[in-house]
2 protein chains.
Amino acid sequence: MQEILSALAEPNRLQIVELLRRKPLAVGEIVERLGLRQPQVSKHLRVLSDAGLVEVRPLGQQRIYRLRAQALKELDGWLDPYRRTWNERFDQLDDVLRDLKGKDKERKDGRRK
Amino acid sequence: MQEILSALAEPNRLQIVELLRRKPLAVGEIVERLGLRQPQVSKHLRVLSDAGLVEVRPLGQQRIYRLRAQALKELDGWLDPYRRTWNERFDQLDDVLRDLKGKDKERKDGRRK
DNA sequence: CAGACATATTCCTTTAGGCGTATATATGAC
DNA sequence: GTCATATATACGCCTAAAGGAATATGTCTG
């Protein structure tokens with residue numbers, strides 16, 4: 001998860017991922033579409049690959065990269081517990097206020113849950 | 001989006017977010033639970049706040065940080081187009097092979113990763 | 001007011017990572 | 001084999017950003 005997030009955190013890599021959303025591409029195609037230099041694209045693809053976000057298949061002398069759904073599903077799964085939370089009451093601040101003060105202080109502002 | 005991702009890419013910050021998933025916390029509580037030093041926690045919270053991932057409310061001399069659902073929803077929304085894709089056929093490689101070669105050569109690479 | 005507590009900010013050092021250039025590796029055509 | 005093409009890797013440079021220590025800011029109590 002950590003690896004996935006830091007892979008996506010780099011702007012050019014995020015662009016690559018979004019490019020690959022449409023369809024798998026060879027390195028050279030990514031190079032020309034993003035206007036980056038070939039070595040940087042290869043390096044970024046390496047990082048994305050290590051993070052499990054893309055996979056490669058050779059086709060002649062070129063390498064076709066495509067997205068791996070699994071990695072994105074992992075990210076999606078990470079969001080799961082948060083989804084549950086933000087549908088309930090997300091402003092539990094008042095509860096915490098009570099926790100922190102706790103010792104039956106008076107509540108002069110009159111706020112309640 | 002970019003900002004959200006790079007904020008989450010830092011391991012300690014990701015931990016802070018996961019801590020705050022349960023309930024809002026004061027800075028000092030985060031410090032003791034994560035075993036980090038107070039200035040670093042404040043700095044990380046600053047980054048998270050700039051990215052819109054958390055918000056603060058003062059409570060006496062402490063500051064209560066809590067998650068902002070909105071930011072996570074944004075991330076969730078970013079995944080949307082991918083969700084659609086990975087439910088269909090995600091392995092369009094063969095299509096692309098045909099596109100690139102145009103003629104049907106043999107297909108026996110068989111190598112993985 | 002002083003003094004405590006909680007948090008934020010500043011300054012400095014160190015490290016991680018991105019970019020550019022050059023080069024290495026691999027495959028196909030001849 | 002040589003050459004061309006496609007991609008990967010290595011090396012050095014440079015900037016962003018993380019960590020540490022000290023200090024500033026802010027708030028409460030007496």
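Labels below follow one simple rule: chain letters A, B, ... track the order of the sequence lines, proteins then strands, and each chain is numbered from 1. Hydrogens, waters and symmetry mates are skipped; everything else that's a heavy atom, side chains included, is used.
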Reckon A:Arg37 has a side-chain N or O less than 4.0 Å from the OP1 or OP2 of C:dG18? no

So how far is it from B:Leu53 CG to B:Gln70 CD, rounded to the nearest 0.5 Å? 11.0 Å

Can you sort out the partners of B:Arg46 under salt bridge (charged side-chain N to carboxylate O under 4.0 Å, His left out), two or more places apart, ordered by chain and number? B:Asp50

If you assign each of A:Val27 and A:Lys43 to its closest nucleotide in DNA chain D, which residue comes earlier from the 5' end? A:Val27

Any donor-acceptor pair under 3.5 Å joining the side chain of B:Gln38 to the base of C:dA8? yes

Rounded to whole angstroms, how far apart are CD on B:Gln2 and P on D:dA16? 15 Å

Atom CD1 of B:Ile16 and atom C1' of D:dG19: how far apart are they, to the nearest Å? 14 Å

Does OP1 or OP2 of D:dG19 have a side-chain N or O of B:His44 closer than 4.0 Å? yes

Below 4.0 angstrom, N of the basic side chain to O of the carboxylate: do A:Lys73 and A:Asp76 qualify? no

In whole angstroms, the gap separating P of D:dA21 from CD of B:Gln40 amounts to 9 Å

Between B:Tyr65 and C:dA8, is there a side-chain N or O to OP1/OP2 distance below 4.0 Å? yes

Give a yes/no answer on whether the side chain of B:Arg46 brings an N or O atom under 4.0 Å of OP1 or OP2 in C:dT9. yes

Just the rounded figure in Å: distance from P of D:dA6 to CD of A:Gln61. 6 Å

Please report the distance, rounded to the nearest Å, between CD1 in B:Ile30 and C1' in C:dA8. 14 Å

Looking at CZ of B:Arg66 and CZ of B:Arg68, how far apart are the two atoms once the value is rounded to the nearest 0.5 Å? 9.5 Å

Can you tell me how far P of D:dA16 sits from CD of B:Glu3, to the nearest Å? 15 Å

Within this structure, what is the CD1-to-C1' distance between B:Ile64 and C:dA8, rounded to whole angstrom? 15 Å

Report yes if a donor N or O on one partner sits less than 3.5 Å from an acceptor N or O on the other, where the partners are the side chain of A:Glu10 and the base of C:dG17; otherwise report no. no

Rounded distance in Å - CG (A:Leu36) to C1' (C:dG17): 16 Å

Of A:Ser6 and A:Arg63, the one whose closest nucleotide on DNA chain C sits nearer the 5' end is A:Ser6

Under 4.0 Å, heavy atoms only, any strand: does B:Pro58 hit a base, just the sugar-phosphate, or nothing? nothing

Backbone of B:Ala9 reached by a side-chain donor or acceptor of A:Gln2 within 3.5 Å: yes

Which nucleotide sits closest to the side chain of A:Ser42: C:dT7, D:dT9, D:dA18? D:dT9

